[in-house]
Number of protein chains: 2
Amino acid sequence: MTKLRGRRPTIDDVAREAGVSRGTVSRVLNGGHWVSDGARVQVEKAIKSTGYRINPHARSLATSRTGSVGFLLTESYERFFSDPNFLQILRSSADALAGHGMTLVLIMADTLDERHRATEYLTGGHVDGALVVSSHRDSQEFLAELLAARLPVISAGIPLGFEEQVGYVTADDEGGARAIIEHLGAHGRTRIVHLAGPQDTSGGTGRLQAFRTVLGAAYSDELVAYGDYSRDSGANAMREILAREVPFDAVFAANDLMAAGAMDVLAKAGLKVPEDVAVVGFDDSPVAQQTTPQLTTMRQPFDRVSEEMIRLLVDEINGRPAGRVVIPTELVERGTV
Amino acid sequence: MTKLRGRRPTIDDVAREAGVSRGTVSRVLNGGHWVSDGARVQVEKAIKSTGYRINPHARSLATSRTGSVGFLLTESYERFFSDPNFLQILRSSADALAGHGMTLVLIMADTLDERHRATEYLTGGHVDGALVVSSHRDSQEFLAELLAARLPVISAGIPLGFEEQVGYVTADDEGGARAIIEHLGAHGRTRIVHLAGPQDTSGGTGRLQAFRTVLGAAYSDELVAYGDYSRDSGANAMREILAREVPFDAVFAANDLMAAGAMDVLAKAGLKVPEDVAVVGFDDSPVAQQTTPQLTTMRQPFDRVSEEMIRLLVDEINGRPAGRVVIPTELVERGTV
DNA sequence: CGCGCGGCTGAGAGCGCTCCTAGTCCATAC
DNA sequence: GTATGGACTAGGAGCGCTCTCAGCCGCGCG
């Protein structure tokens, strides 16, 4: 035991206590390669007895790595945190990062003020990289500034306007949409309408795009109504379609929440699901199991999305060029065909 | 212009460019005292031309300050971020901190896993201090660990179980509750029931406590039903009271959301507000203006709470012992008496 | 016996900043 | 002329790490 006079123990204290050099302690701290068993044991003992904690700033200064990455909250927090998809991405990203010995810190970036501060913070060297989840188009300059500062950034969903410059991970929106339409076709449903999602997100555009493509000549603007992924907007879109009096036997909603809203409206209109109208959602979020009947939907594997995002981000932090990953979706058949 | 060969410019590059010494640049960076105008101008010019950004880790290493404080999210994020009170505290804390040149970082601390990571992060020297908002009792060990590591912590609301060890800022729950009851009395309402908030938060206990004290001998357990601050819980509590068939002419709800829930129930029961029953809430949150009639309530000045929290936290970071601040509430008279 | 080599260790330099101290310079006072 | 002191500056030391590299040791091989 050496005297520390109230200061926090340093690596030198540990080295002295263990009877080895600073370098050896450092080696133990960083994976323990090239260290004899005896030395390692001594060092570990000394770490415990001194209560040593690594000083992250000294380490960061030496390595020019911080070991943390920012998670940008670029949307109304209320919306963000009430969306189970986001929450799942958030949690599994934190898990995946922990697996790399890194930490996730949430960065507020909703208002203009906050974005300024966030930019300062992120480009100032506080984090090794950043994760962006909202892909709304209005975050343009913000993203641009981060890129200009050469901060590694990975996006969940295709970052519209930055497809070329930012690595991303996305579920296969087009493939999933196509599969839904084929599935409906296999059940004899051919007059399908689409409740589209917001067109400034890649999910919204991708699913609509696939809808148009697969329908081909049968496509008409009449078959589409737009919403913003919320339940209410799904209900409104459904009402709009009903008011148009186009004949249809199936509804493909851009996400589960909108599908649920549509089902509310269908029920009120006296239409039976799935007898009169089939309904299919997207995401497989919790709400899909709360509708009656339970919703058939296309699952987005968000845990895999997070894992891949972290993999890409770590790659990019390590100087390997960012990739683009598309993850297949999976049909979950329940009661709405 | 000096060559940097791709590395980030350092303070030495700036000094060379400006024709002054490193120390002078540092002084400009830290407030600019003891620097001649000429030197300052040169330095500022050099900072621009080199694109210099301070390296936070070098600075932290030298000062053993990080310039950032953690904001602990110790509740279900969904609940947290849908509560306008929390959001306001969050935003105004960030503002107040920015005024001190510091940054707020959000730290996830809901699940057990997250709390472990959070503890590591916070006590590892990544932040200068932390803000805790939820005061639910189950965060006990968590708080204890932070204190054990001598991390400066300030709580919003009285941290039950840690009143002695943690500085805090709270609105005057007891005074506010007392004022509400007096206000009702002044309007001739004397048979008051209380829809109490969660009893593991200081707001919940404080307001109930005041209710008991003021009523004195008139108090009876029959006059109280409990909720958890949510609108639904307010409705349930109201139903409970109605079922008991105790006579009452006024409802004092622990917060506005519960008051709104109670008003829903009263309306369905055919009771008119305020003619048959007066209703008073607490907080003055947005919902208070959305009820019909608009809700009379006791405003909690959350912006002042945040300001004071930051002041206390900065004090404590600077080695001055943490204080305790109680902020008066303010009656907002609207249409429910 | 000398040499090379794998396995391990320790010393020194350096990361980019702030803090401190000695020192310069100039104006004013005596 | 020197002394005094206020306004500033230069540069060394140090914050606590990591990284590189030379060096040591013991062993097997030619």
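In what follows, chains are A, B, ... by sequence order, proteins preceding strands, each numbered from 1.
Note on ring orientation: taking the six-membered ring where Trp is involved, the planes of A/F80 and A/F86 are parallel (angle under 30°, cut-offs 30° and 60°). B/F81 and A/Y77 have perpendicular rings, their planes meeting at more than 60° on a 0 to 90° scale where under 30° would count as parallel.
Atom CG of A/D13 and atom P of D/dC15 are 11 Å apart (whole Å). Distance CG (B/D37) to C1' (D/dA7): 12 Å, rounded to an integer number of Å. Look at CG on A/N30: it is 7 Å from C1' on D/dT18, rounded to the nearest Å. The distance between atom CD1 of A/I54 and atom C1' of D/dC15, rounded to the nearest whole Å, is 15 Å. Taking atom CG of A/L61 as the reference point, atom C1' of C/dG16 lies 5 Å away to the nearest angstrom. Residue B/Q42 contributes atom CD, which lies 12 Å from atom P of D/dA10 at whole-angstrom precision. A/R16 places its CZ atom 12 Å from the P atom of D/dG16, with the value rounded to the nearest Å. Taking atom NE2 on B/H33 and atom C1' on C/dC19, their separation rounds to 16 Å, with Å as the unit.
When each of B/V133, B/L131, B/L122 is tested with B/L72 by the rule side-chain contact (heavy atoms from CB on, under 4.5 Å), just one qualifies, namely B/L122.
Among the atoms of the strands shown, none is found under 4.0 Å from any heavy atom of A/D12.
Helix bend of the helix from C/dC1-D/dG30 to C/dC30-D/dG1: the angle between its two end axes, each built from five pairs, comes to 60° after rounding to 10°.
Side-chain atoms of A/T50 and A/D13 include no donor-acceptor pair closer than 3.5 Å.
Listed for the B/D315 side chain is no donor-acceptor partner under 3.5 Å among the backbone atoms of B/A322.
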- Item | A/S92 and A/D303: CA distance, side-chain angles, deciding distance, side-chain hydrogen bond (donor to acceptor under 3.5 Å, both in side chains) verdict | CA-CA 6 Å; A/S92 42; A/D303 43 352; over 6 Å; no
- Please assess A/T123 against B/R53 for the test side-chain hydrogen bond (donor to acceptor under 3.5 Å, both in side chains), listing each intermediate value before the final yes or no. CA-CA 9 Å; A/T123 63; B/R53 303 284 305 275; 3.0 Å; yes
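For the residue pair A/V153 and A/V132, the shortest heavy atom distance occurs at CG1-CG2, 3.6 Å.
Side-chain nitrogen and oxygen atoms of B/N55 include none within less than 4.0 Å of the OP1 or OP2 phosphate oxygen of C/dC15.
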Distances under 3.5 Å between nitrogen or oxygen atoms of protein and nucleotides 9-13 of chain C:
from   : atom 1 : to    : atom 2 : distance (Å)
C/dT9  : OP1    : A/S36 : OG     : 2.7
C/dT9  : OP2    : A/S36 : N      : 3.2
C/dG10 : OP2    : A/S21 : N      : 2.8
C/dG10 : OP2    : A/S21 : OG     : 3.3
C/dG10 : OP2    : A/T24 : OG1    : 3.1
C/dG10 : N7     : A/R27 : NH2    : 3.0
C/dG10 : O6     : A/R27 : NH2    : 3.1
C/dG12 : N7     : A/R22 : NH2    : 3.2
C/dG12 : O6     : A/R22 : NH2    : 3.0
C/dA13 : N6     : A/R22 : NH2    : 3.1

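For the pair A/S93 and A/I310, the minimum side-chain heavy-atom distance is below 4.5 Å.
Comparing D/dG16, C/dC17, D/dT18 against the side chain of A/A58 picks out D/dG16 as the nearest.
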